[in-house]
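Scroll down for the structure; my scribbles are underneath it.
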Amino acid sequence: MYIEDLSKYEGQDVELQGWVANKRDSKGLVFIVLRDGTGMAQCIADINSVGEASFEEAKSLGLESSVRLLGKVVKDERQVGGFELHVTELSVYQNTENYPISKKEHGVDFLMDHRHLWLRSSRQWAIMRIRNTISFAIHQFFQKRGFVQMDAPLFTGNACEGTTNLFETDFYGAPAYLSQSGQLYGEAMAMAMGRIYTFGPTFRAEKSKTRRHLSEFWMIEPEMAFHDIFQNMDLIEDFLQEVVSAVVANCPKELEMIGRDTEILKKISQPFPRLTYDEAVRIIKGEQDVNGKNSIRTLEEDLAKVKSRIAEVEQEIAEREEKIKTPGMKKGEIAFNQTKIDNLKSELRDLQEDERNIPQWLESARNFEYGNDFGGSDETVITRLFEVPIMVYNWPHAVKAFYLKRDPENEAFARGVDVLAPEGYGEIVGGGERETDEEKVKAKIIEHELPMQEFEWYLDLRRFGSVPHSGFGLGLERLVAWVCKLPHVRETIPFPRMYGRLFP
Ligand code: 4AD
Ligand code: MG
């Protein structure tokens with residue numbers, strides 16, 4: 001019996017097992033907010049129904065105590081979930097004291113150190129359920145279309161995405177690397193199965209702290225024989241539309257809990273603008289507008305708005321702090337003002353971060369050098385102008401991976417595509433059409449100073465039945481971060497691994 005099923009048992013006696021997420025008592029009643037993993041429900045222990053001993057025990061329960069409750073299911077629209085339990089019997093697995101995470105605001109480092117417990121909070125619960133919905137929708141998308149799921153090796157001998165961020169391990173005395181991407185193996189499998197996808201962990205040593213980088217992240221990499229870059233982009237668009245729509249359809253409660261505005265997610269069904277690298281660069285530099293919006297002017301206006309809001313917030317904080325010093329003020333009113341102050345301070349921290357960031361974005365947009373890859377701030381600048389993901393294709397070949405096909409119309413470009421999520425999120429997908437010409441792949445292997453010998457097997461794919469083919473890689477955590485509008489990828493995975501974080 002789980003809380004999510006309570007509505008089916010109105011008027012009946014049921015047994016619930018779970019943890020005490022919240023508790024208060026007043027005159028012969030104890031109100032327990034119970035959570036059991038499927039949801040939360042208010043459970044009321046009345047001294048007249050449970051008896052004095054159980055009542056005292058209920059009253060003594062600390063946060064996160066584990067219990068079993070028997071009682072009757074009663075409809076009450078005002079309560080979380082719309083139903084409550086009128087308890088008749090209570091037994092305690094463990095009465096817990098001093099649960100470290102309280103209702104008051106904790107710093108991020110503290111919460112990260114207590115990740116094993118933080119996962120129980122309602123916000124983390126909602127994010128993990130959305131992640132689960134996304135994973136399931138991804139499998140459904142590919143399985144429905146006849147793609148075969150493949151598991152690529154995690155110990156690899158060759159670098160797929162450059163040699164600078166490899167994790168080296170000792171493989172029986174020889175060096176091996178943790179996989180950065182399953183793509184090269186995916187290409188081999190696509191020549192055997194037609195269309196495949198991987199869904200597995202990938203590893204990159206990213207020795208810097210950013211809101212988009214993890215050292216261990218989950219990637220979904222489809223690879224399709226007989227697909228060119230345009231068919232690849234069609235598939236990416238269908239894929240993201242279907243997966244995000246599944247979240248909107250199946251997770252309304254979770255999205256509401258984290259305060260996500262779903263209007264923007266519903267726009268996912270509109271076509272994704274497809275921009276060439278050249279167009280995207282003009283937009284970043286403010287030389288081309290998007291629906292009347294100019295990148296540079298928008299940033300300047302945003303900065304002005306941020307500054308004036310900072311002044312307002314600072315003033316309101318000062319006024320309220322002065323006010324609660326008034327002698328004789330009621331406890332309730334002080335608490336009310338203190339909550340307001342805490343919220344304003346948290347808003348102020350976000351505003352101050354914007355105040356620091358926007359001038360850097362402006363600087364980097366104005367000075368963007370044609371021919372470079374996009375940095376995080378360039379992606380932020382361009383995606384703030386759009387409400388749906390955009391696809392940027394035809395990149396200068398020199399800044400992209402060795403395996404991408406040269407554009408037959410202009411050899412200076414490669415047929416890569418990056419999908420950038422809106423609202424400032426940036427790259428969530430990287431992919432493209434693969435080079436099929438053995439000599440061109442070899443030239444790129446040499447240019448990237450990769451060991452030719454170790455790529456012989458990969459070159460075989462160009463020697464025996466080489467066909468046009470394409471694929472892409474979605475970073476699961478990046479997608480979850482955007483869908484949930486989180487400030488950082490660390491909350492998108494149960495136990496993040498990143499620079500400076502290996503525990504818990
Ligand atoms: O753009 P990337 O490096 O592309 C590849 O790995 C290709 N082999 C994919 C393919 O064509 N089969 O990485 C793909 C995606 C990025 O767009 C990003 O979403 C995610 O993986 N990603 C990361 N996510 C979190 N932390 C990191 N350090 C990431 N690096 C890449
Ligand atoms: Mg990329």
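The model shown is predicted, which means the values in this text are computed figures rather than measured ones. Indexing begins at 1, ligand by ligand and atom by atom, following the structure's order. We're numbering straight along the sequence, starting at 1.
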**Complete:** Near Gly431 (heavy-atom distance under 4.0 Å), the atoms of ligand 1 are 11 (O)
**Item:** For Asp437, all residues meeting salt bridge (charged side-chain N to carboxylate O under 4.0 Å, His left out), sequence neighbours excluded
**Value:** none
**Message:** Tell me the contacting part of Phe217 for ligand 1: side chain, backbone, both, or neither, using a 4.0 Å heavy-atom threshold, strictly below.
**Reply:** side chain
**Message:** I need the nearest protein heavy-atom contact for atom 19 (O) of ligand 1: residue, atom name and distance, please.
**Reply:** Ile428 O, 2.8 Å
**Asked** Which is it for His213 and ligand 1 at heavy atoms under 4.0 Å: side chain, backbone, both or neither?
**Response** both
**Prompt:** Do you know which of Phe147, Phe239, Phe199 makes ring pair (Phe, Tyr, Trp, His ring centres under 6.0 Å) with His139?
**Reply:** Phe199
**Request:** Using a strict 4.0 Å threshold on nitrogen-to-oxygen distance, state whether Asp354 and Lys307 make a salt bridge.
**Result:** no
**Request:** Record the part of Arg434 in heavy-atom contact with ligand 1 below 4.0 Å; permitted values are side chain, backbone, both and neither.
**Result:** side chain
**Message:** Checking the N or O distance criterion of under 3.5 Å, is ligand 1 in contact with Pro222?
**Reply:** no
**Message:** Heavy-atom pairs closer than 4.0 Å: do any link ligand 1 to the side chain of Tyr403, the backbone, both, or neither?
**Reply:** side chain
**Message:** Regarding Lys400 and Asp418, does a basic nitrogen lie under 4.0 Å from an acidic carboxylate oxygen?
**Reply:** yes
**Asked** Should we count CD of Glu256 as having more than 12 external heavy atoms under 6.0 Å?
**Response** no
**Request:** Tell me which one of Arg212, Gln183, Glu216, Glu427 gets a heavy atom nearest to atom 1 (O) of ligand 1.
**Result:** Glu427
**Prompt:** Below 4.5 Å, heavy atoms only, C-beta onward: do Arg434 and Glu223 meet side chain to side chain?
**Reply:** yes
**Asked** With a distance cut-off below 6.0 Å to the six-membered ring centre and an angular limit of 45° from the axis, does Arg211 pair with Tyr425 as a cation-pi contact?
**Response** yes
**Item:** Nearest-contact summary for atom 13 (O) of ligand 1 - protein heavy atom, Å
**Value:** Arg204 NH2, 3.7 Å
**Asked** Which atom pair, heavy atoms only, marks the closest approach of Arg115 to Pro496?
**Response** NE-CD, 4.0 Å
**Item:** Enumerated ligand 1 atoms positioned under 4.0 Å from heavy atoms of Gly430
**Value:** 1 (O), 9 (C), 10 (C), 11 (O), 17 (O)
Could you go through residues 130-138 and list every donor-acceptor pair under 3.5 Å that involves a side-chain atom there, pairing it with any protein atom two or more places apart or in another chain?
unit_1	atom_1	unit_2	atom_2	d
Arg131	NH1	Glu477	OE2	2.9
Arg131	NH1	Thr492	O	2.9
Arg131	NH2	Glu477	OE2	3.2
Thr133	OG1	Arg129	O	3.0
Ser135	OG	Arg131	O	3.2

**Request:** Would you check the N or O atoms of Glu223, main chain and side chain alike, for any that come under 3.5 Å of an N or O of ligand 1?
**Result:** no
**Prompt:** Nearest to atom 15 (C) of ligand 1, what protein heavy atom do you find, and at what distance?
**Reply:** Gly473 O, 3.6 Å
**Request:** Please write down residue, atom name and distance for the protein heavy atom closest to atom 18 (C) of ligand 1.
**Result:** Arg478 NH1, 3.5 Å
**Item:** Closest heavy-atom pair and its distance - Ile284, Val381
**Value:** O-CG1, 4.2 Å
**Asked** Where is the tightest heavy-atom contact between Leu214 and Ile493, given as atom of each residue plus distance?
**Response** CD1-CG2, 4.1 Å
**Message:** Which residue and atom name correspond to the protein heavy atom nearest atom 5 (C) of ligand 1, and how close is it?
**Reply:** Glu161 OE2, 3.2 Å
**Message:** Please determine whether any non-hydrogen atom of Glu477 lies less than 4.0 Å from an atom of ligand 1.
**Reply:** no
**Fill in**
atom 28 (N) of ligand 1 sits nearest the protein heavy atom Leu214 O, 2.9 Å
**Item:** Over 12 foreign heavy atoms within 6.0 Å of CZ, Phe226
**Value:** no
**Item:** Cation-pi, Phe141 ring and Arg145 (6.0 angstrom, 45 degrees)
**Value:** yes
**Shortest protein contact, atom 9 (C) of ligand 1 (heavy atom only)** = Glu221 OE2, 3.2 Å
**Prompt:** Short N/O distance, under 3.5 Å, between Gly475 and ligand 1?
**Reply:** yes
**Request:** For Lys442, look at atom NZ and say whether over 12 heavy atoms of other residues, nucleotides or ligands are found less than 6.0 Å away.
**Result:** yes
**Complete:** One finds that the ligand 1 atoms under 4.0 Å from a non-hydrogen atom of Val429 are 17 (O)
**Item:** the Mg ion (ligand 2): protein N, O or S atoms that are less than 2.8 Å away, sorted by chain
**Value:** Glu427 OE2
**For Phe413, all residues meeting ring-ring contact (aromatic ring centres under 6.0 Å, His included), sequence neighbours excluded** = none
**Message:** Taking 4.0 Å as the limit for heavy-atom contacts, which would you say applies to Thr202 with ligand 1: side chain only, backbone only, both, or neither?
**Reply:** neither
**Message:** Measuring from non-hydrogen atoms of Val489 to any atom of ligand 1, is the shortest distance under 4.0 Å?
**Reply:** no
**Item:** Option among Lys444, Glu435, Arg415 that satisfies the side-chain hydrogen bond (donor to acceptor under 3.5 Å, both in side chains) test with His397
**Value:** Lys444
**Request:** Just jot down the ligand 1 atoms closer than 4.0 angstrom to any heavy atom of Glu206, in number order.
**Result:** 28 (N)
**Prompt:** Would Arg462 count as a cation-pi partner of Tyr458, with NZ or CZ less than 6.0 Å from the six-membered ring centre and within 45° of the ring normal?
**Reply:** yes
**Message:** I'd like to check which ligand 1 atoms, numbered from 1 as shown, lie under 4.0 Å from a non-hydrogen atom of Ser181.
**Reply:** 6 (O), 8 (N)
**Request:** Provide, to 0.1 Å, the distance between atom 14 (C) of ligand 1 and the closest protein heavy atom, together with that atom's residue and name.
**Result:** Met219 SD, 3.4 Å
**Message:** Before you tell me yes or no, could you show the steps for Thr198 and Met150 under side-chain contact (heavy atoms from CB on, under 4.5 Å), namely the whole-Å CA-CA distance, both residues' side-chain angles and the distance that decides it to 0.1 Å?
**Reply:** CA-CA 5 Å; Thr198 70; Met150 84 166 276; 3.6 Å; yes
